[in-house]
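We're numbering straight along the sequence, starting at 1. Computed over heavy atoms, backbone and side chain alike; hydrogens, waters and symmetry mates excluded.
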Amino acid sequence: IVDCLRVFDRRIGVECKPSVGDDFPAVLRQMDTQSRNMRLRNGGCDLRVLYVGEYVGTSVPQDRFVKMFEASDITVIFEDELMVGSDAEK
């Protein structure tokens, strides 16, 4: 997360990763550190999002991976969730 995007009246911090594997604890720590730094600089974000191309981890199932991020108030969105109904499936 470099900075927060302003969407309507909300500030959204988005971290994009093409894939996340068993190194996900490092991603979580990185997002927490960046979020703390932004809070000190400009009040932080109202919503934090991790946008992932695919989850390739083997140490925990994908649903547990998502819950671990949710426990830190980070919403995980997978690329295929956004592609449903788009031209990408045709």
Just how far is it from atom CZ of Arg11 to atom CG of Leu47, taken to the nearest 0.5 Å?
11.5 Å
Begin from the C-alpha positions of Phe65 and Leu50 and carry the test side chain to side chain contact (heavy atoms under 4.5 Å, CB included) through to its verdict.
CA-CA 12 Å; Phe65 156 77; Leu50 173 61; 4.1 Å; yes
Find out whether Val60 and Phe24 are in side-chain contact, i.e. whether some heavy atom of one side chain is under 4.5 Å from a heavy atom of the other.
yes
Would you check if the side chain of Asp22 reaches a backbone N or O of Gly57 as a donor-acceptor pair within less than 3.5 Å?
no
Step-by-step side chain to side chain contact (heavy atoms under 4.5 Å, CB included) determination, Met31 to Ile74:
CA-CA 9 Å; Met31 290 184 73; Ile74 298 171; 3.8 Å; yes
Going by heavy atoms in the side chains, are Met68 and Val76 under 4.5 Å from each other?
no
Side-chain contact, heavy-atom cut-off 4.5 Å: Phe78 with Val66?
yes
Can you measure from OH (Tyr51) to CD (Glu81) and round to the nearest 0.5 angstrom?
9.5 Å
How long is the straight-line distance from CD of Gln34 back to CZ of Arg48, given to the nearest 0.5 Å?
10.0 Å
Taking the side chain as C-beta and beyond, is there a heavy-atom pair between Val49 and Glu15 under 4.5 Å?
no
Taking side-chain hydrogen bond (donor to acceptor under 3.5 Å, both in side chains) as the cut-off, I'd like each qualifying pair that reaches into residues 61-78, sequence neighbours left out, listed once.
none
Does a side-chain heavy-atom distance below 4.5 Å link Leu82 with Ile77?
yes
Who are the side chain to side chain donor-acceptor pair (under 3.5 Å) partners of Asp23, not counting sequence neighbours?
none
Are Asp46 and Ile12 packed together at the side-chain level, in the sense that at least one heavy-atom pair is separated by less than 4.5 angstrom?
no
